[in-house]
Amino acid sequence: MKESQPSAIYLKDYQVPPYLIDKTELTFDLDEATTVVTSRLHMRRNPESTQQNAPLVLDGGEDVKLIGVAVGDCALPAEAYRVNEDKLVIDSTPDAFVLTCETLIEPQNNTSLEGLYRSSSMFCTQCEAEGFRHITYYLDRPDVMSVFTTTIIADETRYPVMLSNGNEVERGKTEEGKTVVVWHDPFPKPAYLFALVAGDLAVKEDVFLTQSQREVALKIFTESHNIDKVDYAMEALKRSMRWDEETYGREYDLDIFMIVAVDDFNMGAMENKGLNIFNSSCLLASPKTTTDDNFLRVEAIVAHEYFHNWSGNRVTCRDWFQLSLKEGFTVFRDQSFSADMHSDTVKRVEDVSFLKTAQFAEDAGPMAHPVRPASFIEISNFYTLTVYEKGSEIVRMIHTLLGEEKFRAGSDLYFERHDGQAVTCDDFVAAMEDASSIDLTQFRDWYSQAGTPIVTVTDSYDESTKTYQLTMTQETLPTPGQDSKVALHIPVRMGLLSQEGDLLPSSLDGTVSDEHVLHLTDFEQTMTFENVSSRPVPSLLRGFSAPVKLRYEYSAQDLLLLMSSDADGFNRWSAAQQLAVNELTQLINQAIQGQALSVDSTLVDGFRALLNDGSLDPAMVALILALPSQAYLSELANPIYPAAIKQARQHLKKQLANTLSEEFERTYHEHNMAVDYQATAEQIAHRSLKNTALSYWVETGTEAAIAALTKQYETADNMTDQFSALSIAVHGQLSNAGDLLASFYQQWQNEPLVVNKWLALSAGQEQDNALQHVQSLMAHPAFDLKNPNKVRSVLGGFGQNVSGFHNADGSGYRFLADQIILLNKRNPQIASRLCTPLTRWKKLEPTLSALMKAELERILAEDLSKDVYEVITKSLN
Ligand code: B3K
Ligand code: ZN
């Protein structure tokens, strides 16, 4: 452990910056050995600051070497400034001046992938949140917005493409024959949106005509061998641009929009102004190498980064505590876009499943934090499911409370009022409030209160008066640093069904309707519905109108009724999911107690009806048939017995397969269509149901099923069908799984993104020697510790491997801890993300829990990065 440990910073301590930077002029002399960065910052004291005598303190990094600094034309003597750890401090400055700094950096040795670094043979950057300070000294905070001009000097033979934000304004040569390119971005921006790329890249070009008839040049750059895989992203970009004009009235502002794909990237993509940089796994797509899920992911991420141009870039965050201002809103926007491009209900089910599995777990664990955190040690740790996904749910609730029209008026006002500013979550809510005249005072607490509310509902029906009463309570359990909780404003969208499954209109506060939005604002509240003609079954929280855990004692019959008849597609899925959870919970308890597992007939009957109803959307049928995941069941369990959950799921799947084998076989054939591959909602739906049916059918072990799987694997002309067949063989532990895995690698060894899928599947393969197997994967030529995608594939896949990761002797936990220690210094962000499975130790059954805790303690004894230190200490508290 270090002598002094990292400390937290607090939202309550926010102060405006003492200095501003009106213009930023950067020159990069790029070279394989050292890169020289010269900055000319046009600075002045901030008239709004109360610290008019404050010294100038610029952020830097230990990896930035200062060569010289000048104020105006005068080089500063050594005694006029000092470098304290990672800050450059100048005690006295004029009120307005140009500060020149010359610094040296070594991008080729930058393994953290933050700041300027090398990926393959190119130079690229990642500056959000605090990467810019690893390039040069700066006021690296989002409320310092500046107009950037960037000069790039490099050898044109190796770096024919040299890009930065904005428009290319000049091109020339130095005396030594190097090429000089100058970019100018007219829109003031914080340093986190700065980007630079230089490399030997191929380009795909297109044009978009905006609603005001301006032509925007669209360019996607990749290494030349990948340029045939960008057509889908280009089309997705044009759809996103059109959608943002039509839905939010937002037009693109520059004359050029560029995207560059890089292989080594810590996350999915980055919205740098006019120059998005993407992890190649989130941009490249072709039917032969990309699955349906990955196609949809590419579309969603292209849209997300594009939408940031307004929600994030034109209007940005005042400080990093406000991160959800841009992320929550932009996730909401990309979710709505994908819903509009495909199916609303399918998209909602997928998003909610993810939220309930992963965000709810985060919100119940040691890293739980509000959507607007009150403090952090390392901001990189707060790019979380809470900030993104729960943040999006908050915006969705505002949409529900205001309705479509007022929400649009609110977003118009927000963009108009704050264009060019760095603002807060409160500013966003205030714009929504001002445009709609709807009071959101209590609603604001969603931003500051952590934890998932539990909403418990009970009801009663009075036959004689035809009244129906719902009593709702809310409770949010304590989270770290927040012992007592307030009552939140929770919108509950709901309707009533008759016992026959018909819509049952009712009157609430004088409004007669099939559907109502209830406002739960107290800890306990009773709502009375009048004119309810018969005893109803309530359909509660339609469309998942609030991110809460809903508790209502539905009978199995109620759930079957909702599953077959509810007007709300989301709740039909939700009822089926609840039925499966109830069934699995029983089986898990039987497994824990060592009893024989016995399956009830309700779910089987429900699934049979579903498989026999040809009128349903195949995508929804597939979603309903997918049993709740190991991860979701773990989130619900306390304590977690991983092996019992696995056993229960396998048992239920086999029982369903054997009982409904004919239905699954027929469904497989019905949806196995010979069509030319397209990533359309319709085709995706058929493939998804076909492959789900296959995953059940092979559980019967019949020759016909295995033959169908093998044939599909061998003859598939698209990655979805080929990879589905392979995954089913691996997860179904078929005897040919090993051979198929080997042949798959043989076929795809030259396609890194496909190899990553193979790595993840191989690492997740349940087998006796799972750990040795994963160790051998890390020694495989296809593995590379420097590449985050490969690390995520292998270690992420291993985390899903119950027999390997949760091995009773603790060896799986020890192995993961070793990898975290290895990556801690090299790439702190990735190391910190890998800690997530270990943060769940308190919820595990006692023996495993103790083994996991011991590994956290072993990690803590190391000299840790801020990133890992924060997660480990909070987990052990
Ligand atoms: N804004 C980036 C995420 C940056 C993460 C920095 N550690 C991508 C996005 O959310 O669009
Ligand atoms: Zn984002």
Side-chain angles (χ1 to χ4, degrees), residues 61 110 112-115 117 124-135 140-142 165 189-195 233 236-237 240 244 259-262 264-279 281-283 297-317 319-338 351 371 373 376-392 395 422 425 428 788 792 827-834 836 865-868 870-871:
N110 179 347
S112 67
L113 313 189
E114 230 200 349
Y117 65 94
C124 61
T125 52
Q126 170 54 35
C127 293
E128 189 179 358
E130 297 179 337
F132 193 81
R133 61 187 63 187
H134 297 281
I135 294 176
D140 190 8
R141 44 188 289 172
N165 316 85
K189 64 169 177 291
Y192 85 85
L193 290 171
F194 169 79
L237 173 61
S240 309
D244 213 15
I259 302 180
V260 180
V262 305
D264 304 296
F265 207 62
N266 279 344
M267 66 276 171
M270 178 64 212
E271 70 264 25
N272 318 301
K273 181 78 187 186
L275 177 54
N276 286 188
I277 299 184
F278 270 59
N279 186 323
S281 71
C282 298
L283 190 76
R297 189 169 137 82
V298 166
E299 182 185 54
I301 297 182
V302 166
H304 179 99
E305 304 311 331
Y306 173 72
F307 297 154
H308 268 315
N309 190 56
W310 276 95
S311 50
N313 301 3
R314 288 286 287 256
V315 182
T316 194
C317 303
D319 54 75
W320 291 122
F321 299 100
Q322 317 295 331
L323 180 57
S324 196
L325 172 80
K326 73 179 177 80
E327 295 306 346
F329 187 23
T330 305
V331 171
F332 175 71
R333 278 150 55 71
D334 85 57
Q335 290 177 344
S336 316
F337 165 77
S338 295
D351 291 339
V371 166
F376 57 74
I377 293 178
E378 169 53 61
I379 182 57
S380 298
N381 284 330
F382 286 79
Y383 286 76
T384 59
L385 298 162
T386 300
V387 166
Y388 276 64
E389 314 301 320
K390 187 176 179 182
S392 163
V395 178
C425 298
F428 178 80
R792 267 189 289 263
N827 189 331
Q829 286 183 29
I830 296 297
S832 166
R833 296 273 151 162
L834 291 177
T836 306
S865 59
K866 276 205 300 187
D867 309 59
V868 176
E870 178 168 37
V871 177

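Numbering of ligands and ligand atoms starts at 1, following listing order. What you see is a predicted model; the values in this text were computed from it and never measured. All residue numbers refer to positions in the sequence shown, counting from 1.
Within ligand 1, counting atoms from 1 as listed, the ones closer than 4.0 Å to a heavy atom of Met267 are 3 (C), 4 (C), 5 (C). Heavy-atom contacts of His308 reach the following atoms of ligand 1: 9 (C), 10 (O), 11 (O) (cutoff under 4.0 Å). Close approach of ligand 1 to Glu271 (heavy-atom distance below 4.0 Å) involves ligand atoms 1 (N), 2 (C), 8 (C), 9 (C), 11 (O). Residue-ligand proximity, Gln829 to ligand 1, at heavy-atom distances under 4.0 Å covers atoms 7 (N). Here is the list of ligand 1 atoms found below 4.0 Å of a heavy atom in Met270: 1 (N), 2 (C).
At least one N or O atom of Tyr388 sits closer than 3.5 Å to an N or O atom of ligand 1. On a distance-only criterion, Glu305 and ligand 1 share at least one N/O pair closer than 3.5 Å. For ligand 1, the polar-atom distance check finds an N/O of Glu327 within less than 3.5 Å of one of the ligand's N/O atoms.
Residue side and main chain included, Glu327 places an N/O/S atom under 2.8 Å of the Zn ion (ligand 2).
Considering only non-hydrogen protein atoms, atom 8 (C) of ligand 1 sits nearest to Ala269 O, 2.9 Å. Summary of contacts: the protein heavy atom closest to atom 6 (C) of ligand 1 is Glu128 O, 3.2 Å.
Of the candidates Arg314, Lys273, Glu327, His308 forms a side chain to side chain donor-acceptor pair (under 3.5 Å) with just one, namely Glu327.
Between Phe307 and Phe337, the ring planes are perpendicular. Angles over 60° get that label, and only those under 30° would be called parallel.
Between Ala300 and Ser338, the shortest heavy-atom distance links the atoms CB-OG, 3.9 Å.
Asp319 meets the side-chain contact (heavy atoms from CB on, under 4.5 Å) test with Leu11, Tyr14, Phe321, Gln322; sequence neighbours excluded.
At least one heavy atom of Lys326 sits closer than 4.0 Å to an atom of ligand 1.
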Exercise for review: Could you go through the side chain to side chain contact (heavy atoms under 4.5 Å, CB included) check for Arg333 and Ser311 one step at a time?
Suggested key: CA-CA 9 Å; Arg333 278 150 55 71; Ser311 50; 3.0 Å; yes

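When only modelled atom types and interatomic distance are considered, Gln335 and Ser392 share a side-chain donor-acceptor pair under 3.5 Å. Judged by distance alone, the side chains of Asn266 and Asn827 do bring a donor and an acceptor atom under 3.5 Å apart. In this model, a donor atom of one side chain and an acceptor atom of the other lie less than 3.5 Å apart for Asn381 and Glu870.
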